2 protein chains.
Amino acid sequence: MATLGDVAARAGVSISAVSRVLSDAPDSRVSAATRERIVDAARELNYRPNFAGRALKSARTQVVGLVVPDITNALFTELMHGAEDEATERGYTVLLGRSDDVRPGGEVIARLIGEGRVDGMALQVGDAVQPAGLRDLLTAQAPIVLVNSSIPGHVGSVTLDDHHGALIATQHLLELGHERIAFANGLPRSFTAKRRRTGYKLALAGARVRVPKEYETRIGYTVDNGRTALHRLMALDPKPTGVVVANVNAAVGLLGEARKAGIRVPEDLSVVTVHDSWTAENTWPPLTAVKMQFYTVGRTAVRSVIRRIETGETSDEVVTDPPPELVIRESTASPRSA
Amino acid sequence: MATLGDVAARAGVSISAVSRVLSDAPDSRVSAATRERIVDAARELNYRPNFAGRALKSARTQVVGLVVPDITNALFTELMHGAEDEATERGYTVLLGRSDDVRPGGEVIARLIGEGRVDGMALQVGDAVQPAGLRDLLTAQAPIVLVNSSIPGHVGSVTLDDHHGALIATQHLLELGHERIAFANGLPRSFTAKRRRTGYKLALAGARVRVPKEYETRIGYTVDNGRTALHRLMALDPKPTGVVVANVNAAVGLLGEARKAGIRVPEDLSVVTVHDSWTAENTWPPLTAVKMQFYTVGRTAVRSVIRRIETGETSDEVVTDPPPELVIRESTASPRSA
DNA sequence: ATGAAAGCGCTAACAA
DNA sequence: TTGTTAGCGCTTTCAT
């Protein structure tokens with residue numbers, strides 16, 4: 001790989017002149033002729049700035065880490081695209097990582113920052129594991145912005161409007177005439193689950209609808225959790241006629257299990273999920289869903305991290321624009337009694 | 001962040017002594033007492049080696065890039081885990097990227113290597129886009145190992161046993177008594193599609209079964225492609241009684257469309273897919289699938305990249321162990337005429 | 001307008 | 001056994 005020295009030699013100028021031109025410093029102080037010779041030489045040698053050299057000198061990598069519990073979860077697709085678009089526009093690169101990494105000595109997050117591989121990061125901690133060594137980093141004021149999650153005392157976060165999302169989903173069922181509306185939620189300790197819960201309750205309260213406490217399950221967000229939730233809910237008396245599922249993966253599981261149990265959707269049970277993804281379109285029946293704005297969350301999170309890196313400012317933001325959006329498909333209908 | 005100098009000062013020794021101890025050189029040539037002082041000091045200061053410093057000096061990053069067309073495709077989950085496990089065992093880190101990145105000036109792959117962000121990479125090129133600048137890199141002998149894909153003339157690859165996978169899927173339908181077996185394949189130019197095609201044909205030939213040429217569609221691997229394939233196939237006369245789908249996403253689409261068209265699976269049409277993933281378990285009916293060994297491919301690819309980096313050796317490998325594995329669910333049955 | 005030189009954190013060859 | 005030193009590629013201050 002060609003270095004600045006190589007380019008300088010070829011152009012017959014000094015290294016510093018080349019540096020000034022190629023790192024497009026605002027004031028490069030070189031004559032047009034020199035500049036042209038340098039640019040030509042760089043192109044001919046296919047020069048690219050060495051990452052390590054630049055990072056070492058400037059103590060900046062221009063890289064932000066994006067660490068989520070499960071990279072391959074369809075939900076994160078948009079988040080990543082948003083993050084990458086924002087980063088690219090601002091001259092940064094995104095480094096992807098998983099936060100569920102608990103392998104011995106792993107502590108991915110601590111390493112990313114501690115070894116100077118990234119300047120800062122957007123981090124979504126899972127509901128299960130609290131990554132090792134995180135506490136230290138947070139107290140050490142590392143430029144970390146939390147995404148859709150929280151750690152007591154940490155400042156700097158970007159979250160979805162979960163509350164509003166669950167509210168819209170619940171209102172959709174109410175408008176269809178349902179009153180026995182259940183809620184298949186995530187684990188009680190889950191940050192997002194708490195917020196979605198509020199939206200659900202508020203919607204019911206707003207319509208003066210009361211449901212038994214057992215109508216809310218708090219099992220989790222996985223496909224299997226959704227399956228379990230279905231059994232739990234359909235064993236109740238009276239059975240719910242509609243269910244809001246707090247996560248699309250759980251909704252897929254719940255739907256599959258309903259079919260297995262001979263429960264027809266939407267005739268016997270309406271299902272609406274918070275979160276949309278390509279999987280929701282391809283179930284049978286296709287799932288009515290509330291699309292959450294992950295793309296914007298990704299953009300906002302990266303913007304927030306960069307601001308933190310460059311100016312030191314922190315903020316806690318909730319993405320409300322654009323708002324969550326109801327996508328009506330075929331898994332919801334009016335209850336049969338109505 | 002603490003540097004070697006900080007640790008040295010605290011331990012009252014020279015920087016090089018610290019370096020020798022902490023980079024666990026086989027022959028660190030220090031007394032037990034000194035070593036202990038150094039280790040203690042490092043722990044107290046929470047020392048971590050600076051990535052850029054080390055990379056600049058050694059001209060090695062100990063990072064391998066893993067670049068695939070779609071990071072969030074469920075198919076790649078196992079591949080990534082395999083890659084990460086292998087990398088971790090060998091003291092490397094995996095850097096994830098997308099190969100479908102065609103944004104202006106993007107050329108992710110060229111940058112990753114050209115700027116020295118990675119020492120080498122495992123690359124799966126999509127069927128659609130040939131990433132920009134790739135040709136140059138390959139001819140420049142960059143340590144790149146292709147995964148499940150090919151570029152004319154390039155040496156160094158790790159591929160699945162696609163041929164065998166499609167063969168097993170087809171044989172499953174044959175054993176159930178099907179003879180009118182269709183094949184919903186990927187695009188003609190797709191590397192994997194060509195190989196799966198061979199397996200399908202060989203299985204038919206082995207059973208002395210002949211089918212019309214139109215029984216093979218070559219539309220693509222997406223959900224929508226699968227939907228299209230269903231219509232194409234069910235418009236034929238005679239209709240197939242079974243179909244091998246070359247990709248699980250396409251199979252999900254094909255299945256959904258069958259339901260919409262009132263075609264019952266498996267009564268009217270058996271569906272078996274090459275590839276297994278969590279989505280295949282959650283369709284209705286759950287999809288019979290041939291599980292391909294992506295985990296092993298990931299491991300093998302990273303091992304191959306590292307060997308290439310460290311010794312310069314190249315190889316073209318096909319992962320045959322463990323072999324593809326048939327997972328029978330509920331989307332296949334004997335044809336009704338049988 | 002251009003160049004010389006210092007130094008970021010680290011490793012390794014060499015000296016003591 | 002321990003320390004000194006050069007230099008990886010780059011940016012930036014300071015001379016010229």
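Throughout, a chain's letter reflects where its sequence line sits, starting with A, and its residues are numbered from 1. Only a predicted model underlies this, so the values are computations on that prediction, with no experimental measurement involved.
The side chain of A:S23 lies closest to D:dT11 when the candidates are D:dT11, C:dC10, D:dC10.
A:S58 contributes a side-chain N or O that, together with a main-chain N or O of A:R54, makes up a donor-acceptor pair within less than 3.5 Å.
Separating the CG atom of A:N50 from the C1' atom of C:dC8 is a distance of 13 Å, rounded to the nearest angstrom. Whole-Å rounding puts the A:E115 CD to C:dC10 P distance at 10 Å. Residue A:L56 contributes atom CG, which lies 13 Å from atom P of D:dC8 at whole-angstrom precision. What separates CZ of A:R60 from P of C:dG9 is a distance of 14 Å, to the nearest Å. Protein atom NZ of B:K57 is 7 Å distant from nucleotide atom P of C:dA12, rounded to whole Å. B:L4 places its CG atom 14 Å from the C1' atom of D:dG3, with the value rounded to the nearest Å. Atom CD1 of B:I15 is separated from atom P of D:dT1 by 21 Å (rounded to the nearest Å). As rounded to whole Å, 6 Å separates atom C1' of C:dT2 from atom CZ of A:R20.
Residue-to-nucleotide proximity on DNA chain D shows that, of A:S16 and B:T34, the 5′-proximal contact is made by B:T34.
Remark: the A:R48 side chain and the D:dG9 base include no donor-acceptor N/O pair separated by less than 3.5 Å.
Within the structure, a side-chain polar atom (N or O) of A:S19 is placed less than 4.0 Å from OP1 or OP2 of D:dT11. At least one side-chain nitrogen or oxygen of A:S14 sits closer than 4.0 Å to the OP1 or OP2 atom of C:dG3. Within the 4.0 Å cut-off from OP1 or OP2 of D:dT2, at least one side-chain nitrogen or oxygen of B:S31 is found. Put simply, B:R54 has a side-chain N or O that comes within less than 4.0 Å of OP1 or OP2 on C:dT11.
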task = Determine, stepwise, if the pair A:T61 / A:D119 fulfils side chain to side chain donor-acceptor pair (under 3.5 Å).
result = CA-CA 6 Å; A:T61 59; A:D119 294 336; 2.9 Å; yes
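Residues satisfying the side-chain hydrogen bond (donor to acceptor under 3.5 Å, both in side chains) criterion with B:E86, sequence neighbours excluded, are B:R90, B:R299, B:R303. Taking B:F76 as the reference, nothing meets the ring-ring contact (aromatic ring centres under 6.0 Å, His included) condition, with sequence neighbours excluded.
A:F51 comes within contact range of no nucleotide atom at all, as no heavy-atom separation falls under 4.0 Å.
Between B:R43 and B:D40, at least one side-chain nitrogen of the basic residue sits less than 4.0 Å from a carboxylate oxygen of the acidic one, meeting the salt-bridge criterion.
In this structure, A:P322 and A:T296 have side chains that are in contact, with non-hydrogen atoms separated by less than 4.5 Å.
Across B:A122 and B:V305, no two heavy atoms sit closer than the pair N-CG2, 3.9 Å.
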note = Read 5' to 3' with Watson-Crick or G-U pairs under 3.5 Å, [ ] for crossing pairs and | for partners on another strand, DNA chain C gives ||||||||||||||||
